[in-house]
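Heads up, the thing below is written out as structure tokens.
Every chain is numbered from 1 and lettered A, B, ... according to where its sequence line falls, protein lines coming before strand lines.
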2 protein chains.
Amino acid sequence: MDADKTEEGLGPLDSLLGYHLRRAGSVVGGAFSRAVSGTTLRQVPFAILSVIAANPGIKQGTAGQILGIQRANMVALINELVEAGYIDRQAAQDDRRAFALACTTKGQVALDHFTGEILRHEADLLADFSPADRKKLMQLLRRIEAREPSEAD
Amino acid sequence: MDADKTEEGLGPLDSLLGYHLRRAGSVVGGAFSRAVSGTTLRQVPFAILSVIAANPGIKQGTAGQILGIQRANMVALINELVEAGYIDRQAAQDDRRAFALACTTKGQVALDHFTGEILRHEADLLADFSPADRKKLMQLLRRIEAREPSEAD
DNA sequence: CCTAGATTGATATACGGCATAACATAATTG
DNA sequence: CAATTATGTTATGCCGTATATCAATCTAGG
């Protein structure tokens, strides 16, 4: 057998974590798509909705910080959620520049419903993963995420 | 303590694998950026270069299939690598429509160099991960990737 | 052999995520 | 109060990806 073959046909790429994260993310993204199929909901707006629901009155910029979304890009996303009737935007009391965001009833219902669907499809994908493996995977990913705010270039 | 708080301020999002894969992917993407800083190399062209280097004479479409890149999007990417002098494109002997792609010496040197840099920066990011954890993470991600070609909608 | 269908690369086009620059308004600090 | 900073906003661009369409070529069936 070929002894100089890293693995499949990926070459050194196969040893890179970044590549596998991107591919696995795409596969699990498919589960999201199936979970919300028939709607126009996307991952990023869903994430924002979840953060707002978990933090009633949160400001637009803060929500963006939590998710790593820049202010400029939040504007259209928040507009989208407001127009969908999922969130409510009103002037913040302590800061006349900022908006206090809150989830509407409709938004909460949608969040609950889609969360269930997504979890169901993700569980489908991980059907033959042991509970220990699923837990370990989440732990490892969270540890990586925690490594974001290091030194810049 | 608040007992109805999932975790941070993420809400149900925090229980979703897809979210954590995207965030972790972004963090590790930062390691890639630092590894190639000063150049214009991107993750996708790098991946293509690696696959071509590992499979001399591979056809454009096949390389795309391996990486999940569609034919239409491969064209510009391959052009880019050719113009950079990293790969060589010549008519395939067995199919006059197709191109046989091969890595140039310059491409191989670049691949080796950048692979080393990326590995170094990724290792930096995973500095306090045990070898067992690193191995486990790669294993779990590869298992997820293997679940791509299931039923469609 | 020769036509019908499939395959390969290519072009055009569009959308979503993300980045930077610049601006107005409001808050904060010295 | 003046200078600086923070917030939301607009404009703009790049990258990754998706679809539709096309020409050239290959492949299979009649």
Side-chain angles (χ1 to χ4, degrees), chain A residues 18-19 21-23 25-27 29-30 32-33 36-37 39-48 52 57-84 87 89-101 148 152-153, chain B residues 18-19 21-23 25-30 32-33 36-37 39-48 52 57-83 87 89-101 148 152-153:
Chain A
Y19 167 72
L21 281 173
R22 285 203 314 121
R23 289 311 294 272
S26 156
V27 170
F32 180 94
S33 295
V36 303
S37 77
T39 80
T40 59
L41 187 61
R42 282 158 290 144
Q43 297 194 56
V44 171
F46 174 85
I48 297 174
I52 293 172
I58 193 173
K59 283 166 197 158
Q60 188 167 318
T62 309
Q65 280 176 7
I66 291 176
L67 293 170
I69 301 172
Q70 290 175 244
R71 289 197 319 271
N73 298 322
M74 284 294 287
V75 180
L77 292 164
I78 292 295
N79 284 340
E80 207 177 317
L81 290 171
V82 170
E83 282 153 24
I87 64 171
R89 169 177 45 192
Q90 53 186 8
Q93 301 155 346
D94 57 325
D95 189 334
R96 282 189 294 164
R97 295 167 300 180
F99 288 134
L101 305 175
E148 175 79 89
D153 298 51
Chain B
Y19 167 71
L21 280 173
R22 285 203 313 120
R23 291 310 296 271
S26 155
V27 171
V28 179
F32 179 94
S33 295
V36 303
S37 77
T39 79
T40 60
L41 187 60
R42 282 159 290 144
Q43 296 194 55
V44 172
F46 174 84
I48 297 174
I52 293 172
I58 194 174
K59 284 167 198 158
Q60 189 167 316
T62 308
Q65 280 175 7
I66 292 176
L67 294 171
I69 301 171
Q70 290 176 243
R71 271 176 299 134
N73 298 323
M74 283 294 287
V75 180
L77 294 164
I78 292 295
N79 285 339
E80 208 176 316
L81 290 171
V82 169
E83 282 154 24
I87 64 172
R89 170 176 46 191
Q90 52 186 8
Q93 301 156 345
D94 58 324
D95 188 336
R96 282 189 294 165
R97 295 167 301 180
F99 289 135
L101 304 175
E148 175 78 88
D153 299 52

Nearest non-hydrogen partners of [X] and [Y], listed with the distance:
{"X": "B:Leu41", "Y": "B:Phe32", "value": "O-CE2, 3.7 Å"}
{"X": "A:Ile66", "Y": "B:Tyr19", "value": "O-OH, 4.2 Å"}
{"X": "B:Leu77", "Y": "B:Asn73", "value": "CD1-O, 3.2 Å"}
{"X": "A:Gly29", "Y": "A:Gln43", "value": "CA-NE2, 3.9 Å"}
{"X": "B:Lys59", "Y": "B:Leu101", "value": "C-CD1, 4.4 Å"}

Protein-nucleotide distance ([X], atom [atom1]; [N], atom [atom2]), rounded to Å:
{"X": "A:Lys59", "N": "D:dG8", "atom1": "NZ", "atom2": "C1'", "value": "13 Å"}
{"X": "B:Ile87", "N": "C:dG9", "atom1": "CD1", "atom2": "P", "value": "12 Å"}
{"X": "B:Leu67", "N": "D:dA18", "atom1": "CG", "atom2": "P", "value": "13 Å"}
{"X": "A:Arg89", "N": "D:dT7", "atom1": "CZ", "atom2": "P", "value": "17 Å"}
{"X": "B:Gln90", "N": "C:dG9", "atom1": "CD", "atom2": "C1'", "value": "16 Å"}
{"X": "A:Met74", "N": "D:dT10", "atom1": "CE", "atom2": "C1'", "value": "16 Å"}
{"X": "B:Arg71", "N": "D:dT21", "atom1": "CZ", "atom2": "C1'", "value": "11 Å"}
{"X": "A:Gln60", "N": "D:dT10", "atom1": "CD", "atom2": "C1'", "value": "13 Å"}

Derivation of the side chain to side chain contact (heavy atoms under 4.5 Å, CB included) call for A:Ile52 and A:Ile78: CA-CA 10 Å; A:Ile52 293 172; A:Ile78 292 295; 4.1 Å; yes
Euclidean distance, B:Phe99 CZ relative to B:Ile87 CD1, rounded to 0.5 Å: 10.5 Å
Audit row: B:Leu81, B:Arg89, side chain to side chain contact (heavy atoms under 4.5 Å, CB included) steps and yes/no: CA-CA 10 Å; B:Leu81 290 171; B:Arg89 170 176 46 191; over 6 Å; no
Check the interface with nucleotides 15-19 of chain C: list each N/O to N/O pair with the protein under 3.5 Å, or write none.
| residue | atom | partner | partner atom | Å |
| --- | --- | --- | --- | --- |
| C:dG17 | OP2 | A:Arg42 | NH1 | 2.7 |
| C:dA19 | OP2 | A:Gln70 | OE1 | 2.8 |
| C:dA19 | O5' | A:Gln70 | OE1 | 3.1 |
| C:dA19 | N7 | A:Asn73 | OD1 | 3.4 |
| C:dA19 | N7 | A:Asn73 | ND2 | 3.0 |
| C:dA19 | N6 | A:Asn73 | OD1 | 3.0 |

Along DNA chain C (nearest heavy atom to each residue), the more 5'-positioned of A:Asp94 and B:Gln65: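 Counting from the 5' end, the first nearest nucleotide belongs to B:Gln65.
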Donor-acceptor pair, side chain of B:Arg71 and main chain of B:Gln65, under 3.5 angstrom: no
So which protein N/O to nucleotides 24-26 of chain C N/O distances come out below 3.5 Å?
| residue | atom | partner | partner atom | Å |
| --- | --- | --- | --- | --- |
| C:dA26 | N3 | A:Arg97 | NH1 | 3.3 |

